[in-house]
Amino acid sequence: MDPMDFDRDELLGIFSAETEENLRQMEEAFVRLESTPDDVETLQAIFRAAHTIKGNAAGLGFPALAKFAHALEDVLDRIRSGSLALSTSLATVLLEAVDGLRELAHGAIAGHDSLRRDHLDLIERLEATAESADDPSPAPGPAMAPGADERRASIGRRWADLEGAFSRSQTLRVDIEKLDRMLNLTGEIAVARERLGDLLDRCERNPQLEAVVEAHRAADRLFLDLQEEVMKIRMVPLGPTFRQFFRTVRDVATAGRKLVQLELQGEDVDVDTNVIEHLRDPLTHLVRNAVDHGIEPPDVRRAVGKDPTGHVRLQARHEGGSIVIQVQDDGAGLDRTRIIARARAHGDHRDLESMPDGELFRLILEPGFSTAERVTEYSGRGVGMDVVKRNVERLRGSIGVDGRPGGGTTITLRLPLTLAIIRGFSVGLGDDTYVVPLDAVVECLKFPRGAGGAGRGVLSLRGRPLPYLRLRDHFRCAGEPPERENVLVLRYYDQQVCLVVDRLLGESQTVIKPLGRVLGDVPGLSGSAILGSGRVALILEVDTLLREALKDGLAA
């Protein structure tokens, strides 16, 4: 590869990342500015982002992209000068321009820097908007309130200070693939460390060996520190991802003639960057659904005594070794009668009337299931919630649904902090070892004699009936079960379900490896792990197994 080509590839990578950051900031700022048009600092931030994109595009030889950014910059300059007021219709055009910039930037990076007819039409709309003010020297409007010049100068000084600070900051961009390789290496070291520890534990004690054991323990502490630091590098706050949904809420609410406010909580909660990448699509659908079908129109809300402005809350928190994300709205809520009617129409003949709310409401996650009275461009066809469920379970997470008529709906996602390492609880079946995510384990106990030899059943725990699944029968393990079997009591949303296993082997940190083609489609398995002995253990997919245990109406 020619060195100049390599340099340009690096520049394009930096340009792509910086442009996407600027476009995200512009989207958030436009939505914020729509409700606070006199916020000079926000307007300055938008102008700087557009100017940066234009300058970078021109420097890299992307004239089409630079021309489009210049047209947007002209409109922003008119707003900044006070000769043009920001209205909802103008904000819509400006947000369309941000989408156009994003599309053009992607095309330019791929080698197609050109303006299509729709881009030219949008430029004409922007230019017409910029020239729409009749008075070239109007009195200061809301965007240029008294003292705005001083604030602008102050902003400029603070921006210069920030630029100086950024130029001195000790940070750098790191490719995700490099972090993945680092994490894989620490995982391999973890396996070797555990194996070495097992070997040392089996050796007979002597003075020389004591020194070796102590050296191993010292190296072990250093390794754990290294692994923790590698994990921290991969952790990023959820704030930037959450703030992207201001645009989503604004667009869906505007299309539906609704008033909706998005509230964020837990923006500083950190999660693995790979988890965030897989979260964007499910969260986008949940937020759209909350606005489109959850929040009622203003006149309907007013008629039932509600605030005409609906509220959607997106919040995150750490809970044990997991992250919990909730999408909550104060809209129409969930109607048991309607859900049961739709389930009957889909051929569900179970005793739905006596089913607990949590289990009944989860029916909306099934393919093709929708209680929406109308279909819109955003939702209503019943082809979204099942995708959300599938994506969440692919992350080894779970999804819960709660709501009441008129009281809103809450969707709760529970996810691992990282996709690479879990704290697991190992169990034995014959000569094989399986790993259960520790977060799902409530308690362990002995399987009572005479409880039956069926693959599924119900056992009594302190007077409470709990469904169980015998793992040996589920996986069709050869050989006879041991004289004593054990039970893992696991959490399944608002219920508890049991897995019956041969042996309990205890807690350990598990480095997750993908399944091969042979086992990739086996239900109840989500990955594999290499044990300290060098053998392979299979990681259980708890949700699939516990749904199996709950079949045929065995749930309490």
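Just the heavy atoms: all of them, side chains too, but no hydrogens, waters or symmetry mates, feed the values below.
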Taking the basic N atoms (NZ, or NE/NH1/NH2) and the acidic carboxylate oxygens, is any pair closer than 4.0 Å for [X] and [Y]?
| X | Y | value |
| --- | --- | --- |
| Asp77 | Arg80 | yes |
| Asp307 | Arg301 | no |
| Glu96 | Arg125 | yes |
| Arg247 | Asp99 | yes |
| Asp121 | Arg117 | yes |

Query raised in the report: Is there a donor-acceptor contact under 3.5 Å linking the side chains of Gln261 and Thr309?
Result: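 Their side chains do not contain a donor-acceptor pair, so the 3.5 Å distance test is not met.
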
Report task. Answer yes if the side chains of Arg342 and Thr337 hold a donor-acceptor pair under 3.5 Å, and no otherwise. Result ->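 No - no donor-acceptor pair under 3.5 Å links their side chains.
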
Requested in this report: Starting from the C-alpha separation in whole Å, work towards a yes-or-no answer on side-chain contact (heavy atoms from CB on, under 4.5 Å) for Val388 and Leu365.
Outcome: CA-CA 8 Å; Val388 171; Leu365 306 175; 5.8 Å; no

Flag yes if more than 12 heavy atoms outside [X] fall under 6.0 Å of its [atom1] atom; otherwise flag no.
| X | atom1 | result |
| --- | --- | --- |
| Arg404 | CZ | no |
| Lys306 | NZ | yes |
| His70 | NE2 | no |

Between [atom1] on residue [X] and [atom2] on residue [Y], distance to nearest 0.5 Å:
| X | Y | atom1 | atom2 | result |
| --- | --- | --- | --- | --- |
| Glu27 | Asn22 | CD | CG | 12.0 Å |
| His51 | Ile46 | NE2 | CD1 | 15.5 Å |
| Leu120 | Leu115 | CG | CG | 5.0 Å |
| Leu76 | Arg48 | CG | CZ | 12.0 Å |
| Phe242 | Leu262 | CZ | CG | 9.5 Å |
| Asn289 | Ile295 | CG | CD1 | 11.0 Å |

Report task. Report the C-alpha distance between Leu314 and Glu263 in whole Å, list the side-chain angles of each, state the deciding distance to 0.1 Å, and finish with yes or no for side-chain contact (heavy atoms from CB on, under 4.5 Å). Result -> CA-CA 6 Å; Leu314 189 55; Glu263 301 171 1; over 6 Å; no

**Report entry** Residue list, ring pair (Phe, Tyr, Trp, His ring centres under 6.0 Å) with Phe62, at least two apart or on another chain
**Finding:**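 Phe62 satisfies ring pair (Phe, Tyr, Trp, His ring centres under 6.0 Å) with Phe15 only.
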
Query - Matching residue for Pro237 among Asp270, Val269, Asp268 - test: side-chain contact (heavy atoms from CB on, under 4.5 Å) - result: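 Single side-chain contact (heavy atoms from CB on, under 4.5 Å) partner of Pro237 among Asp270, Val269, Asp268: Asp270.
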
